[in-house]
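A short worksheet on the structure shown next.
A quick note: this is a predicted structure, and the numbers were derived from the prediction, not measured.
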Amino acid sequence: MLDLTLRDVRGVSITFAKSTHTAIVGPPASGVSTLLRLIAGEIRPESGSILIGARDVTRLTRSRRPLLYATHDIDAPQRWSVRHLLVASVRQRSLDRIDRQREFDLAVSKWKLESLADRTLRTLSSSESTRANLARIELLKPAILVADRVVNHASLADDFYRILRVMGTTVISAPASTYELGFTDRVIVIDAGRVIQDGTFSQVYREPVSVAAAQATGDVNLVPVTVRGKSVESVIGNWDVAEPPFQGEGTAAIRPEEFEVAAKGEESDVIFGIEEATFHGDRWRATGILTGNVSLTVSLPRETAVHKGRLLALRYNPKRIKLLPR
């Protein structure tokens, strides 16, 4: 398998190590999709170079680069059937007839496409189209996959990225949801066309360097704060920090799971009124409005009695709150 390197392409220099999965994220219009298209050869950079292994591919068209560029929209005529799509994909590899048939059958079974085989691509629902697209990618077995929001259904991400890891594919992706970030080796955050943070998902999630990085990596509460000396003031309470990162106005970035329901008789940090709630996985995701029209989202244990209008006493650990300058 191959690694891929950008050298000063629109001011960005990155090396994507072979057989690893790197996600590129950022706020809307941050330049993520443009960067993927540059890597794939959809557009040509005005300066800098792109290397795959030791080979400079900067001037090569997409079709001549040893990679696969994929989006949620299947790159094939919409009149094709799913069978036609998968047969055309497996035929691009050097396999004999028996092996081609075996891999075709495995892909159809794995992605549950038996009933869709003779349907045309234009008649597929969003989830059906995604499954056909993932089967196509698996059959092509790319050395490098540049994927722009390919997995629009989180339930399919686990199997898909597990397969790519077994194949040793170098994956460079713009994920369709933050759920996919848990399958990556590395997360790069881009804002206004420049790299602002680079690390593991856990590192970026826990220690975002900006509001953009916090929002790009998961649900987060953004609470206005004022820092005076070592004291932080906000609508969810006041606390002290030993070494404040700034003075004056700023934002506290707090993940929903950082709030805990105060035990009976325990002092609380904030009184939270539930406006609405949904159930995700094995926990409640509840949202309410605080003083100053600040919206707060908290993650609550499944055994919590949740209903509109209920008041909950919550606690949080100030040491786990990230303070970000305005």
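- In the model, R255 has a side-chain atom that pairs as donor or acceptor with a side-chain atom of T217 under 3.5 Å.
- Relative orientation of the W239 and Y316 rings is perpendicular, given thresholds of 30° and 60° on the angle between their planes.
- Smallest separation of non-hydrogen atoms from V220 and A253: CG2-CB, 3.8 Å.
- Among all heavy-atom pairs drawn from A216 and L181, the shortest one is O-CD1, 3.9 Å.
- Both L156 and L164 are assigned to one and the same hydrophobic cluster, defined by single-linkage of ILVMFWY side chains at heavy-atom distances under 4.5 Å.
- Taking each heavy atom of E180 and A157 in turn, the nearest pair found is CG-CB, 4.2 Å.
- Expressed to the nearest 0.5 Å, how far CD1 of I274 lies from CG of L300 amounts to 6.0 Å.
- Here the closest heavy-atom approach between residue A213 and residue Q197 is recorded as CB-OE1, 3.4 Å.
- Here the straight-line distance linking atom OG1 of T20 with atom CG of D3 works out to 8.5 Å at 0.5 Å rounding.
- You'll find the side chain of R119 stays beyond 4.5 Å of the side chain of S81, heavy atoms only.
- F16 pairs in a side chain to side chain contact (heavy atoms under 4.5 Å, CB included) with only one of the listed residues (I188, D185, T5), which is I188.
- Using a cutoff of 4.0 Å between basic side-chain nitrogens and carboxylate oxygens, K319 and E258 are not scored as salt-bridged.
- Residue I254 holds its CD1 atom at 11.0 Å from CG of N317, rounded to the nearest 0.5 Å.
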task = Evaluate the side chain to side chain contact (heavy atoms under 4.5 Å, CB included) criterion for residues E128 and V82: first the C-alpha distance (whole Å), next the side-chain angles of each, then the deciding distance (0.1 Å), finally the verdict.
result = CA-CA 10 Å; E128 291 168 345; V82 171; over 6 Å; no
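- Judged by distance alone, the side chain of T169 and the main-chain N or O of V171 form no donor-acceptor pair under 3.5 Å.
- Checking side-chain atoms of R65 against main-chain N and O of L60 turns up a donor-acceptor pair under 3.5 Å.
- Put simply, the side chain of I144 does not reach to within 4.5 Å of the side chain of P66, judged on heavy atoms.
- Ring geometry for Y161 versus H21: interplanar angle of 30 to 60°, hence tilted.
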query = Could you walk me through whether V204 and V25 pass the side chain to side chain contact (heavy atoms under 4.5 Å, CB included) check?
reply = CA-CA 11 Å; V204 180; V25 298; over 6 Å; no
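- A salt bridge is absent between R315 and E260; no separation between the charged side-chain nitrogens and carboxylate oxygens falls under 4.0 Å.
- Counting heavy atoms from C-beta outward, V87 and W80 have side chains that stay 4.5 Å or more apart.
- The 12-atom threshold is not exceeded at NZ of K18, counting heavy atoms of other residues, nucleotides or ligands nearer than 6.0 Å.
- Of the possible donor and acceptor atoms, none in the side chain of R186 sits under 3.5 Å from a partner among the backbone N and O of D198.
- Hydrophobic clustering (ILVMFWY, side-chain heavy atoms < 4.5 Å, transitive): I172 and I137 are in distinct clusters.
- Counting heavy atoms of neighbouring residues, nucleotides and ligands inside a 6.0 Å radius, atom CD of E276 does not exceed 12 of them.
- Rounded to the nearest 0.5 angstrom, H84 NE2 and L121 CG are separated by 9.5 Å.
- Taking hydrophobic clusters as Ile, Leu, Val, Met, Phe, Trp and Tyr residues chained together by side-chain heavy-atom distances below 4.5 Å, L324 does not share a cluster with V195.
- Under the 3.5 Å distance criterion, with hydrogens and angles disregarded, no donor-acceptor pair is assigned to the side chains of H280 and S299.
- Checked by atom type and distance alone, the side chain of S19 pairs as donor or acceptor with a backbone atom of G168 at under 3.5 Å.
- With a 6.0 Å radius and a threshold of 12 heavy atoms from other residues, nucleotides or ligands, R7 has its CZ atom at or below the threshold.
- Side-chain contact, S63 with T61: a donor N or O sits under 3.5 Å from an acceptor N or O.
- Side-chain contact between R206 and R320: present, with at least one pair of heavy atoms (C-beta onward) separated by less than 4.5 Å.
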task = Take T287 and S295 through the side chain to side chain contact (heavy atoms under 4.5 Å, CB included) test and state the conclusion after the steps.
result = CA-CA 7 Å; T287 302; S295 176; 3.6 Å; yes
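- Using a 4.5 Å heavy-atom threshold, the side chains of R310 and T304 count as touching.
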request  = Could you walk me through whether T170 and L2 pass side chain to side chain contact (heavy atoms under 4.5 Å, CB included), step by step?
outcome  = CA-CA 7 Å; T170 303; L2 302 169; 5.6 Å; no
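- Side-chain contact check for L145 versus L67: every heavy-atom pair is 4.5 Å or farther apart.
- No donor-acceptor distance shorter than 3.5 angstrom exists from the side chain of W284 to the backbone of F279, with no hydrogens or angles considered.
- Of the possible donor and acceptor atoms, none in the side chain of R10 sits under 3.5 Å from a partner among the backbone N and O of P45.
- Summarising the local packing, CD of E266 is surrounded by more than 12 heavy atoms from other residues, nucleotides or ligands at distances under 6.0 Å.
- Considering all non-hydrogen atoms of both residues, L85 and R136 come closest at CD1-CD, 3.5 Å.
- In this structure, V225 is not a member of the same hydrophobic cluster as V211, with clusters built from ILVMFWY side-chain heavy atoms closer than 4.5 Å.
- A distance-only check finds a donor-acceptor pair linking the side chain of N221 to the backbone of T297 [under 3.5 Å].
- Hydrophobic clustering (side-chain heavy atoms under 4.5 Å, transitive across Ile, Leu, Val, Met, Phe, Trp, Tyr) groups V108 together with L140.
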ask   = Stepwise, does the side-chain hydrogen bond (donor to acceptor under 3.5 Å, both in side chains) test hold for D56 with T58?
value = CA-CA 6 Å; D56 190 329; T58 312; 2.6 Å; yes
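- Residues R131 and W111 approach most closely at NE-O, 3.0 Å, considering heavy atoms.
- Atom-to-atom distance recorded for I24:CD1 and S173:OG is 7.5 Å, nearest 0.5 angstrom.
- A donor-acceptor contact shorter than 3.5 Å links the side chain of S13 to the backbone of D8.
- Taking 4.5 Å as the limit, every side-chain heavy atom of P244 sits out of range of all side-chain heavy atoms of L323.
- Rounding to the nearest 0.5 Å places CZ of F160 at 8.5 Å from CD of E138.
- In this structure a side-chain-to-backbone donor-acceptor pair under 3.5 Å is present from R100 to L95.
- Considering V298, I236, D269, I271 in turn, V298 is the only one that fulfils the side chain to side chain contact (heavy atoms under 4.5 Å, CB included) rule with L314.
- A 6.0 Å sphere centred on CD of E114 holds more than 12 heavy atoms belonging to other residues, nucleotides or ligands.
- A salt bridge does not link K110 with D159: none of the charged nitrogens is closer than 4.0 Å to a carboxylate oxygen.
- Taking the side chain as every heavy atom from C-beta outward, R79 and T120 never approach each other to under 4.5 Å.
- Classification of D105 and R102 as a salt-bridged pair fails, no side-chain N sitting under 4.0 Å from a carboxylate O.
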